[in-house]
Undergrad: 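Submitted below is the structure of interest, expressed as structure tokens.
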2 protein chains.
Amino acid sequence: MTKEQELTHNSLPCEKCPLRKRNIFRDFEADELDFVGRFKKGDLAVKKGATVLVEGAHNPHLYTVLSGWGFRYKLLEDGRRQIVNYVMPGDLVGLQGSLLGEMKHSVEALSQMVLCVFEKAELFSLYRKFPELAYDITWIASREECMLDDNLLTVGRRTALEKVAYLLVFILERSRQSGLTKNGTLSITQQHVADTLGISVVHTNKTIARLMERGHVKWEDGGCRILNPEALAELAGWTAERAGKRPFL
Amino acid sequence: MTKEQELTHNSLPCEKCPLRKRNIFRDFEADELDFVGRFKKGDLAVKKGATVLVEGAHNPHLYTVLSGWGFRYKLLEDGRRQIVNYVMPGDLVGLQGSLLGEMKHSVEALSQMVLCVFEKAELFSLYRKFPELAYDITWIASREECMLDDNLLTVGRRTALEKVAYLLVFILERSRQSGLTKNGTLSITQQHVADTLGISVVHTNKTIARLMERGHVKWEDGGCRILNPEALAELAGWTAERAGKRPFL
DNA sequence: CGAGTGATTGAGGATGCTCAAACCACGTGG
DNA sequence: CCACGTGGTTTGAGCATCCTCAATCACTCG
């Protein structure tokens with residue numbers, strides 16, 4: 001545990017979980033809530049820029065993001081970095097590590113984050129006692145897979161302009177759904193955009209400049225304000241899907 | 001059901017499943033085998049080039065690949081194609097569709113394939129009765145996620161030469177593990193390679209030519225023979241991991 | 001033989017890269 | 001209050017990679 005991380009024990013009981021209030025998340029039955037409450041081992045608060053999980057580690061924990069956001073990434077030996085996806089409130093972090101034994105990617109915080117800590121050793125007992133929750137976990141994993149498919153399509157086959165447009169609407173939409181943003185501003189760096197899309201920072205910058213000329217976005221004090229999400233969606237060939245209730249935890 | 005597909009009912013009982021003999025797959029308990037046997041609705045045989053599943057469809061089924069292989073892909077409106085991953089014996093196909101409601105990608109056969117057909121409506125009863133199998137399914141989904149992360153790293157951050165090298169060892173290794181290949185030949189088209197790696201066919205061809213000059217691979221009668229997997233792995237910065245037993249079905 | 005599929009080649013150009021420098025906002029410490 | 005360092009953005013120049021277009025070739029199949 002580095003100094004950027006701090007674990008507090010059950011400071012936040014599940015009944016008062018801030019995510020439960022948000023209506024995109026499904027409701028729990030009383031017994032489920034009770035079980036998850038005991039499954040939960042505490043909260044983990046990490047600072048912006050801190051590494052939450054590192055590739056290769058054998059972490060005994062599994063997390064759900066309660067607030068803030070971050071990104072999952074992989075590195076090549078020479079330092080080239082690929083951001084693989086972003087994690088936001090309600091997302092499960094570290095499931096791969098739980099099942100496959102070892103983390104295959106790292107996670108870093110893009111803002112102050114609070115994570116709900118679970119013991120991965122107890123995961124199977126959840127499967128035994130609460131098939132509904134087990135099903136939910138698989139659902140969450142499938143959704144992640146789905147996002148990865150999309151990202152792959154973007155990185156592989158879209159042009160730079162389409163890529164940036166895609167990424168920005170994608171992140172904006174998710175952050176709205178998870179209740180991360182109200183004002184449409186994303187505190188993200190052009191380096192992150194570049195590393196997500198597989199292009200260089202310089203070219204990313206020039207591409208963003210084109211979007212700014214068109215008045216679709218604005219880059220300000222270390223973040224991105226999206227002025228015209230519809231135009232970006234149009235450029236990216238992206239269509240929002242109405243979000244039904246979804247499971248978490 | 002198109003004419004390229006043909007469904008036969010329980011022509012192959014689970015006790016005689018060819019995958020069960022392969023020692024990379026985990027053994028079933030008698031009751032599990034019994035349940036899966038009833039969960040199975042039949043075999044689906046598809047011809048090379050046939051579409052197994054299409055994006056947007058609401059398919060009532062879920063499959064496990066028994067023999068042959070294929071690929072999952074997504075299309076952009078103007079026809080640009082991104083191959084997202086390959087499916088091989090033991091892989092689950094259509095799980096996303098089962099959970100999320102609608103297929104988000106298509107699947108096409110690269111060879112004659114036989115798939116084991118399940119009813120997705122019964123998936124939840126599997127979760128209720130056999131937590132071990134439920135856990136297995138999540139494990140499989142996590143493994144898929146892990147492969148996608150790797151593919152994203154490749155497409156986003158590796159050079160063309162590294163990309164081709166990576167893809168070839170990746171596929172070869174998987175096909176060996178799943179018992180698809182013994183002789184190290186992959187029947188795949190350069191167009192597929194291009195669409196997997198996010199580069200054009202022409203450039204793919206020139207890149208493969210470079211690998212051929214070095215004597216690492218050989219392209220012959222509509223397929224690829226890998227002469228020096230170690231050299232490719234070296235180029236790609238890829239390290240094989242010893243494969244433990246893994247679940248399926 | 002003719003059609004179809006996939007591999008191969010060349011030419012010319014667009015896209016995106018690296019390098020390098022400058023710029024800007026910010027926080028720190030003298 | 002200013003000098004300085006830092007992290008992130010912006011710009012320009014020159015070049016490598018990769019693309020498109022178009023033609024050709026090898027092979028198979030009806």
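In the text below, chain A, chain B and the rest are named by the order of the sequence lines, each starting its count at 1.
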Undergrad: How about A/L197 and A/V193: do any of their side-chain heavy atoms sit closer than 4.5 Å?
TA: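 Yes. Closest side-chain heavy atoms under 4.5 Å.
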Undergrad: Find out whether A/Y63 and A/V117 are in side-chain contact, i.e. whether some heavy atom of one side chain is under 4.5 Å from a heavy atom of the other.
TA: yes
Undergrad: About how many Å separate CD1 of A/I171 and CZ of A/F71, when rounded to the nearest 0.5 Å?
TA: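 That separation rounds to 11.0 Å.
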Undergrad: Where along nucleotides 24-30 of chain D does protein come under 4.0 Å, by heavy atom, of base (B) or sugar-phosphate alone (S), with - for untouched nucleotides?
TA: -------
Undergrad: Calculate the interatomic distance between A/E220 atom CD and D/dT10 atom P; express it in whole Å.
TA: 12 Å
Undergrad: How many whole angstroms separate atom CZ of A/R157 from atom P of D/dC19?
TA: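 So the CZ-P distance, A/R157 to D/dC19, works out to 7 Å.
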Undergrad: Given the rule in the salt bridge (charged side-chain N to carboxylate O under 4.0 Å, His left out) test, do B/R174 and B/D91 qualify, once you have shown the distances and angles that lead to the verdict?
TA: CA-CA 11 Å; B/R174 281 188 64 196; B/D91 289 349; 2.5 Å; yes
Undergrad: Rounded off to whole Å, could you give me the NZ-to-P distance for the A/K163 and C/dC17 pair?
TA: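 It is 8 Å, rounded to the nearest whole Å.
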Undergrad: What does B/A209 touch in the nucleic acid at a heavy-atom separation under 4.0 angstrom: a base, only the sugar-phosphate, or nothing?
TA: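 If one applies the 4.0 Å heavy-atom cut-off, B/A209 turns out to touch nothing in the nucleic acid.
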Undergrad: Can you list every side chain to side chain donor-acceptor pair (under 3.5 Å) pair that touches residues 185-198 of chain A, not counting sequence neighbours?
TA: A/R81-A/D195, A/Y86-A/T196, A/T185-A/R225, A/Q190-A/N205, A/Q191-A/D195, A/D195-B/R157
Undergrad: Rounded to the nearest angstrom, tell me the gap between atom CH2 in A/W219 and atom C1' in D/dG7.
TA: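 Answer to the nearest Å: 15 Å.
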Undergrad: Specify the residue among B/R158 and A/M212 whose closest nucleotide of DNA chain D lies further upstream toward the 5′ end.
TA: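 Comparing both residues, the 5'-ward one is A/M212.
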Undergrad: Please report the distance, rounded to the nearest Å, between NZ in A/K48 and P in C/dC26.
TA: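 Taking atom P of C/dC26 as the reference, NZ of A/K48 is at 13 Å.
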Undergrad: With a cut-off of 6.0 Å (strictly less than), are more than 12 heavy atoms of other residues, nucleotides or ligands near CD of A/E102?
TA: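 More than 12 heavy atoms, drawn from other residues, nucleotides or ligands, come within 6.0 Å of this atom.
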Undergrad: Quickly work out the B/I188 CD1 to C/dA7 P distance and round it to whole Å.
TA: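 That distance rounds to 10 Å.
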Undergrad: What residues in residues 194-206 of chain A put a non-hydrogen atom under 4.0 Å from any atom of DNA chain D?
TA: A/V202, A/N205, A/K206
Undergrad: Phosphate oxygens OP1/OP2 of C/dT8: is one of them under 4.0 Å from a side-chain N or O of B/Q190?
TA: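 Yes, B/Q190 has a side-chain N/O under 4.0 Å of OP1/OP2 on C/dT8.
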Undergrad: Within the structure provided, determine whether A/P89 and A/V65 are in side-chain contact (heavy-atom separation under 4.5 Å).
TA: yes
Undergrad: Would you mind reading off the distance between B/L161 atom CG and D/dT17 atom P, rounded to a whole angstrom?
TA: 11 Å
Undergrad: Expressed in angstrom and rounded to an integer, what is the separation of A/E162 atom CD from D/dC19 atom P?
TA: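 Answer to the nearest Å: 14 Å.
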Undergrad: Has A/E234 got more than 12 heavy atoms of other residues, nucleotides or ligands less than 6.0 Å from its CD?
TA: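 No, CD of A/E234 has 12 or fewer neighbouring heavy atoms, counting only those of other groups under 6.0 Å.
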Undergrad: Taking the side chain as everything from C-beta on, heavy atoms only, tell me whether A/V84 gets closer than 4.5 Å to A/H105.
TA: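 A side-chain contact under 4.5 Å is absent here.
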